[in-house]
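Below you'll find the structure, written out as structure tokens, and then a few comments.
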Amino acid sequence: MIIETVEHIDLLVGALFFVLYFYQLVYIIIPFIKKDKPHKETKLHRYAVLISARNEENVIATLVDSLHHQDYPQELIDIYVIADNCTDKTADEAQKAGAIVFVRNDMENVGKGYALDYALHKIADEHDKDFYDGFFVFDADNILDTNYISAMNRTFSDGHKIITSYRNSTNYGTNWITAGYALWYIRESKFLNHSRMLLNSGCAISGTGFLVHKDVIQRIGGWKYFLLTEDIEFSIANAMAGEKIAFCSDAILYDEQPQTFKQSWTQRLRWARGFLQVFHKYGPRLIASIFKKNRSTCYDMTMTILPSIFITVLIAVINAAAVIIGICSGEDWTPIVKSLCQWIFGAYVMMFMIGLITTITENKRIHTSTWKKIKYLFTFPIFLFTYAPISIVAIFKNVEWEPTRHHGPSVSADKIEKNKEKQKG
């Protein structure tokens, strides 16, 4: 009786999973059958670059230097670094590199959202509201392709008011953790945001590497997103407001991923808790918006803040409980274990295939050895599986924002550029 009940539940939950996330399988096909629309006439715009940095003396100068080497007119770019509650030489390093530095000390309002809001109000006090056409947001560990701002400016000139970019990594090949992050972001860029853009649906901001039009900032009144995952909060608030976030596939940004499981656990625990916060704040209104305006985007954002890992956790909990009940009641519980193993294996194969397709199609943009590309394909599903315990802990644990310590890229900007030129040749 217990076995049959669990099998029925597994079948029901599996069917629900397929129905809810089938559209993401369709997304994988879209870049192969649709082409990007041609750009309109490109105009030059003036931009402010905002970089929130907390104890980032090891990497901040590299990003500022990367911005100074853009092929976009330098007189149209102003770089602002918010040295946010720093206890190191971040402010000095940023100033020496040529950035305008705002020093912020506020241990009550902690987090990137507060730092961005502080900077935007400082800029508004010093300049006319129309002085800048748009505002870029980066993290301190980022490195940009030399044509990054030019590429974003082309998409901006098409009339899009919020634009996100292609997120790559400087330390893909360090270990299975950095590779797990990197492959996820590349997959997100290629088979989520790019597909959304091709289908004229709204994209999602992923932490860093995005551009916001002055009109959006003025409508919001600065930056009013202070939850643990301020990026997805911003994405969802704009989706409900009817604003579609665009994607620029030619603007490539590289960032450094956490290298230890402890760092990764802390960061992803914040993300998981942040998703719960966002759902608590916006969930009912977001679901209601599915039946109003921006329907596909609002549905997509709903699935984003209710990640599929929760369904996997649900399956595992149900089956584990059934095993315990089976043992206590004397029933044969081996079919339940077999069913659970089949579910886990099926999930592993699906995640592996997603990683494989991403690796093959984006091979030239992954800067590590062929052997490591292959090896980390097999650990990619394991990395994603580790979200299960993180998601469970996030339900019960109160999480506060903590900075991720960066050590500097294992692949330099010069090496990335040389690899690109070699591939072209």
Side-chain angles (χ1 to χ4, degrees), residues 47-70 74 77-123 125-127 132 135-146 148-149 167-171 174 178 181 207-210 222-223 226 228 230-231 253-260 262-264 266-267 270 400-417:
Y47 297 113
V49 174
L50 308 180
I51 307 164
S52 176
R54 183 172 180 180
N55 292 339
E56 299 284 12
E57 63 180 5
N58 293 331
V59 295
I60 189 63
T62 303
L63 172 56
V64 176
D65 185 62
S66 177
L67 286 159
H68 283 317
H69 284 83
Q70 291 293 297
Q74 285 293 304
I77 307 171
D78 289 333
I79 306 167
Y80 295 90
V81 172
I82 309 100
D84 190 36
N85 293 310
C86 292
T87 57
D88 67 353
K89 297 180 179 179
T90 295
D92 293 337
E93 293 298 322
Q95 195 166 32
K96 283 193 293 184
I100 302 165
V101 178
F102 295 151
V103 176
R104 176 180 179 269
N105 293 297
D106 186 343
M107 293 306 294
E108 290 186 10
N109 299 311
V110 177
K112 182 178 174 181
Y114 291 106
L116 293 177
D117 191 53
Y118 174 85
L120 287 167
H121 281 90
K122 289 275 288 183
I123 292 170
D125 291 340
E126 296 176 3
H127 296 286
Y132 294 113
F135 298 84
F136 281 97
V137 177
F138 299 112
D139 287 342
D141 61 305
N142 297 161
I143 297 176
L144 314 176
D145 267 0
T146 53
Y148 182 95
I149 292 181
R167 190 170 180 179
N168 209 324
S169 299
T170 57
N171 59 341
T174 300
T178 61
Y181 276 102
T208 184
F210 58 96
W223 187 272
F226 308 121
L228 290 171
E230 80 291 327
D231 52 347
L253 167 148
Y254 303 85
D255 66 346
E256 179 188 345
Q257 309 306 333
Q259 298 181 16
T260 68
K262 182 179 179 181
Q263 286 180 321
S264 177
T266 300
Q267 185 185 66
R270 172 173 63 84
E400 296 182 354
W401 186 87
E402 293 182 25
T404 301
R405 183 172 177 78
H406 297 114
H407 304 280
S410 58
V411 179
S412 67
D414 289 341
K415 187 172 182 180
I416 289 170
E417 288 297 324

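A quick note: this is a predicted structure, and the numbers were derived from the prediction, not measured.
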request  = Take V64 and E93 through the side chain to side chain contact (heavy atoms under 4.5 Å, CB included) test and state the conclusion after the steps.
outcome  = CA-CA 10 Å; V64 176; E93 293 298 322; over 6 Å; no
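- Closest approach of Q74 to H69, counting heavy atoms only: NE2-N, 4.4 Å.
- Nearest heavy atoms, V101 versus A94: CG2-CB, 3.8 Å.
- D117 places no side-chain N or O within 3.5 Å of a backbone atom of G222 that could act as its donor or acceptor partner.
- Looking only at distances, a side-chain donor or acceptor of D106 sits under 3.5 Å from a matching main-chain atom of N109.
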ask   = Should N142 and T208 be marked as a side-chain hydrogen bond (donor to acceptor under 3.5 Å, both in side chains) after you check the CA-CA gap, both sets of side-chain angles, and the distance that decides it?
value = CA-CA 8 Å; N142 297 161; T208 184; 2.5 Å; yes
task = Start with the C-alpha distance between E56 and N58, add both sets of side-chain angles, then the distance that settles side-chain hydrogen bond (donor to acceptor under 3.5 Å, both in side chains), and finish with yes or no.
result = CA-CA 5 Å; E56 299 284 12; N58 293 331; over 6 Å; no
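- Y132 and Y80 have perpendicular rings, their planes meeting at more than 60° on a 0 to 90° scale where under 30° would count as parallel.
- The existence of a salt bridge linking D84 and R104 is confirmed by a sub-4.0 Å separation between a basic side-chain nitrogen and an acidic carboxylate oxygen.
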key: From CA spacing to verdict: side-chain hydrogen bond (donor to acceptor under 3.5 Å, both in side chains), T90, D88   = CA-CA 6 Å; T90 295; D88 67 353; 2.7 Å; yes
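- Test Y254, Y148, F210 against F138 for ring-ring contact (aromatic ring centres under 6.0 Å, His included) and you get one pass: Y148.
- At a threshold of 4.5 Å between non-hydrogen side-chain atoms, the residues L63 and V81 do not count as touching.
- Using a cutoff of 4.0 Å between basic side-chain nitrogens and carboxylate oxygens, D231 and K112 are not scored as salt-bridged.
- For Q70 (side chain) and I149 (main-chain N/O), a donor-acceptor pair under 3.5 Å exists by modelled atom type.
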Stepwise side chain to side chain contact (heavy atoms under 4.5 Å, CB included) test for I123 and L50 = CA-CA 10 Å; I123 292 170; L50 308 180; 3.7 Å; yes
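- P258 places none of its side-chain heavy atoms less than 4.5 Å from the side chain of T178.
- Judged by distance alone, with hydrogens and angles left aside, the side-chain atoms of D255 form no donor-acceptor pair with the main-chain N or O of D141 at under 3.5 Å.
- At distances below 3.5 Å, at least one donor-acceptor pair connects side-chain atoms of Q263 with backbone N or O atoms of Q259.
- Between L253 atom CG and F136 atom CZ the span is 11.0 Å, to the nearest 0.5 Å.
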